Amino acid sequence: MDAILGKPQPDWDPRSDTVLADQIKAYDAMRRRCPVAYSDYLGWSLFRHADVVRALDDHHTFSNAVSRHLSVPSGMDPPQHTAYRRLIERHFEPTRVAAFEPLCRTISADLATALERNTEIDLVARFARLLAVKIQCAFLGWPASLHEPLLRWVRKNHEATLAGDTARMAAIALEFDGYIADLLETRRAAGAAAPDDITTDLLRESVGDRPLTHEEIVSILRNWTVGELGTITACVGILCHYLAEHPQLQQQLREQHHLLPAAIDEILRMRAPLISNRRVTTAPVEIGGRTIPAGERITLMWASANRDEAVFGDPDEFRLDRDPAQNLLYGRGIHICPGAQLARLELRVVIEELLKQTRQIALIPGRQPTAALYPASGFSELPMKIS
Ligand code: HEM
């Protein structure tokens with residue numbers, strides 16, 4: 001119930017043990033019980049597909065300027081967002097993404113070959129996390145010496161976000177900036193001899209009539225890193241777990257690789273790798289029967305909207321013939337994921353390689369996976385057996 005004055009009464013607690021124990025089930029229940037729900041931690045969470053789409057399509061009322069820290073381009077609104085977005089999209093053009101396939105395949109194949117066979121392995125630690133950091137660094141032209149620091153950084157960033165510790169989050173962002181500042185410095189010093197990669201390209205980019213500032217470059221790279229590392233790790237865990245739970249589908253995909261793109265998008269619709277993103281209202285809005293004043297925090301719950309029975313019927317029914325436009329996996333509207341084609345390529349290639357090099361990907365009876373905690377999704381530990 002809304003309070004007359006001041007903050008509304010919370011409708012739920014996103015960090016309660018019950019919610020964190022099974023995020024997707026808890027969000028399903030919220031979508032049915034209280035589809036626009038207030039909590040101190042997340043502000044107003046939108047659980048229904050229609051409400052999330054409405055917020056995405058009305059970027060004037062639902063602004064991305066959620067933080068006072070620079071965040072290029074995700075924390076920006078038009079017209080500022082438009083200029084930076086154009087610049088960023090150039091780095092994810094289809095030819096550049098396609099050119100990455102051979103290297104992505106080699107990394108995936110090497111990691112799949114190195115997996116121990118016929119014994120228990122933790123697929124997240126031994127495969128998913130390593131894969132995400134290796135392909136991220138390969139795409140950006142970053143050295144292998146950054147793999148370990150980046151893995152530690154992502155973990156710390158998640159812990160601070162879950163704790164809602166903004167001072168710590170700011171300190172962790174600064175730590176990232178240190179790694180990147182070193183990389184940029186080396187490239188600036190090398191001048192024309194700098195390696196021909198995306199990171200060097202960014203140093204030469206302009207927005208309007210001036211070069212990007214150091215802070216802007218660091219922010220863009222931080223956004224890509226956050227965008228990629230956590231989500232790709234989550235995706236690989238979710239996909240392997242689902243294929244192990246559904247051996248018939250696993251067999252079908254082994255024989256028909258061309259079904260993989262649609263199958264991957266559909267599995268990740270049901271089991272979200274990215275739980276939510278934020279907005280802030282710029283004017284009062286009526287949504288889902290609630291009145292939300294201007295200046296309120298909004299959380300778009302991808303993990304719920306993509307399972308809305310009003311759009312998808314039974315949310316757990318795996319179908320290859322769904323309308324891709326309804327799937328909000330990579331968002332929609334002006335902030336739609338610029339890395340979507342890269343992510344799709346990486347996931348297709350890695351699952352292809354894993355299927356090519358194995359006969360079976362299986363769960364281990366009696367060994368339960370450990371779910372990752374918000375804001376992460378997927379698994380933090382996934383015991384599996386590969387043969
Ligand atoms: C499976 C992996 C991925 C998923 C599920 C995913 C999902 C999303 C979603 C839902 C959004 C929209 C956020 C919003 O509306 O607030 C988004 C935005 C974004 N993603 Fe991704 N993403 C993935 C991979 C990547 C990769 C590989 C990159 C880059 C290397 C990337 C970079 C970004 C950036 C920079 C934005 C902000 C765009 C803007 O505000 O205009 N993402 N992503």
Side-chain angles (χ1 to χ4, degrees), residues 46 52-59 62-67 70-93 96-97 100 104 128 131-142 150 197-199 202 216-217 219-239 261 264-265 267-280 297-306 327-351 375-378:
L46 308 184
V52 169
V53 164
R54 179 175 152 199
L56 293 170
D57 290 351
D58 179 3
H59 54 261
F62 296 89
S63 156
N64 271 51
V66 293
S67 157
L70 178 71
S71 182
V72 186
S74 55
M76 296 174 160
D77 291 327
Q80 196 190 22
H81 174 262
T82 320
Y84 288 90
R85 174 79 196 201
R86 217 173 278 138
L87 176 163
I88 280 164
E89 278 174 0
R90 284 205 289 277
H91 296 279
F92 295 97
E93 274 171 356
R96 183 152 224 170
V97 170
F100 183 57
C104 181
L131 179 100
V133 78
K134 283 187 175 196
I135 50 181
Q136 153 94 358
C137 288
F139 187 71
L140 294 174
W142 295 357
L150 281 179
D197 57 32
I198 296 193
T199 307
L202 273 182
E216 287 166 347
I217 298 175
S219 175
I220 290 173
L221 290 170
R222 194 187 314 117
N223 243 314
W224 289 356
T225 307
V226 176
E228 173 146 22
L229 287 186
T231 40
I232 294 288
T233 304
C235 289
V236 173
I238 291 167
L239 292 168
I264 290 172
D265 275 12
I267 295 169
L268 299 175
R269 174 193 67 74
M270 295 184 281
R271 304 195 176 174
L274 178 69
I275 300 289
S276 61
N277 276 104
R278 296 188 295 157
R279 296 292 188 269
V280 58
R297 285 178 301 144
I298 303 284
T299 305
L300 311 175
M301 305 298 293
W302 309 116
S304 165
N306 252 348
N327 190 338
L328 299 177
L329 174 60
Y330 293 102
R332 159 183 170 127
I334 62 166
H335 293 279
I336 193 169
C337 181
Q341 291 318 317
L342 176 67
R344 286 199 168 102
L345 174 132
E346 292 171 351
L347 295 173
R348 172 177 59 76
V349 166
V350 69
I351 300 298
S377 184

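Quick note: residue numbers are just sequence positions, from 1. This structure is a prediction, so every number in the text was calculated from the model and none was measured. Every number for a ligand or one of its atoms is a count from 1 in the order of the listing.
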Matching residue for Trp142 among Thr199, Asp197, Thr225 - test: side chain to side chain donor-acceptor pair (under 3.5 Å):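 Of the listed options, the one satisfying the test is Thr199.
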What protein heavy atom lies closest to [atom]? Include the residue and the distance to one decimal.
{"atom": "atom 22 (N) of ligand 1", "value": "Cys337 SG, 3.1 Å"}
{"atom": "atom 36 (C) of ligand 1", "value": "Pro338 CD, 3.4 Å"}
{"atom": "atom 24 (C) of ligand 1", "value": "Gly227 O, 3.5 Å"}
{"atom": "atom 12 (C) of ligand 1", "value": "His335 O, 3.4 Å"}
{"atom": "atom 30 (C) of ligand 1", "value": "Glu228 OE1, 3.5 Å"}
{"atom": "atom 13 (C) of ligand 1", "value": "Asn277 OD1, 3.4 Å"}
{"atom": "atom 14 (C) of ligand 1", "value": "Arg279 NH2, 3.4 Å"}
{"atom": "atom 6 (C) of ligand 1", "value": "Tyr330 CD2, 3.7 Å"}

Atom indices of ligand 1, in the order listed, that fall short of 4.0 Å to a heavy atom of [X]:
{"X": "Ala343", "answer": "1 (C), 2 (C), 24 (C)"}
{"X": "Gly331", "answer": "10 (C)"}
{"X": "Cys235", "answer": "1 (C)"}
{"X": "Leu329", "answer": "5 (C), 7 (C), 10 (C)"}
{"X": "Trp302", "answer": "10 (C), 13 (C), 14 (C), 15 (O)"}
{"X": "Leu274", "answer": "7 (C), 8 (C), 9 (C), 10 (C)"}

Glu346, portion touching ligand 1 at heavy-atom distance under 4.0 Å: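 Near ligand 1, Glu346 shows nothing, with every heavy atom at 4.0 Å or more.
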Inter-residue atom distance Leu342.CG - Leu347.CG, 0.5 Å rounding: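 Here the rounded value is 9.0 Å.
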Do [X] and [Y] have side chains that approach each other closer than 4.5 Å (heavy atoms only, starting at C-beta)?
{"X": "Val280", "Y": "Ser63", "value": "yes"}
{"X": "Leu56", "Y": "Arg279", "value": "yes"}
{"X": "Ile198", "Y": "Phe100", "value": "no"}
{"X": "Met301", "Y": "Ile275", "value": "yes"}
{"X": "Leu328", "Y": "Val53", "value": "yes"}
{"X": "Glu228", "Y": "Glu346", "value": "yes"}

Answer yes or no: does an N/O atom from Arg85 fall short of 3.5 Å to an N/O atom of ligand 1?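 N/O-N/O distance below 3.5 Å exists for this pair.
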Short N or O distance, His81 and ligand 1, threshold 3.5 Å exclusive: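 By distance alone, the answer is yes.
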Option among Ile351, Leu345, Val350 that satisfies the side chain to side chain contact (heavy atoms under 4.5 Å, CB included) test with Arg348: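 It is Leu345, the one option of Ile351, Leu345, Val350 that forms the side chain to side chain contact (heavy atoms under 4.5 Å, CB included) with Arg348.
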Can you name the one residue among Leu221, Ile88, Leu140 that meets side chain to side chain contact (heavy atoms under 4.5 Å, CB included) with Leu202?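 Of Leu221, Ile88, Leu140, side chain to side chain contact (heavy atoms under 4.5 Å, CB included) with Leu202 is met by Leu221 alone.
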Looking only at heavy atoms of Phe92, does any of them come nearer than 4.0 Å to an atom of ligand 1?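 Phe92: in contact with ligand 1 (<4.0 Å).
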Main-chain N/O of Asp265 paired with Asn327 side-chain donor or acceptor, under 3.5 Å: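 Yes; at least one donor-acceptor contact below 3.5 Å.
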So which of Gly339, Ser71, Ser74 gets nearest to atom 37 (C) of ligand 1, if we judge by its closest heavy atom?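 Selected option, by shortest heavy-atom distance: Ser74.
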Identify the two heavy atoms, one from Ala272 and one from Ser377, that lie closest to each other, and give their separation to 0.1 Å.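 Ala272 and Ser377 have their closest heavy atoms at O-OG, 2.5 Å.
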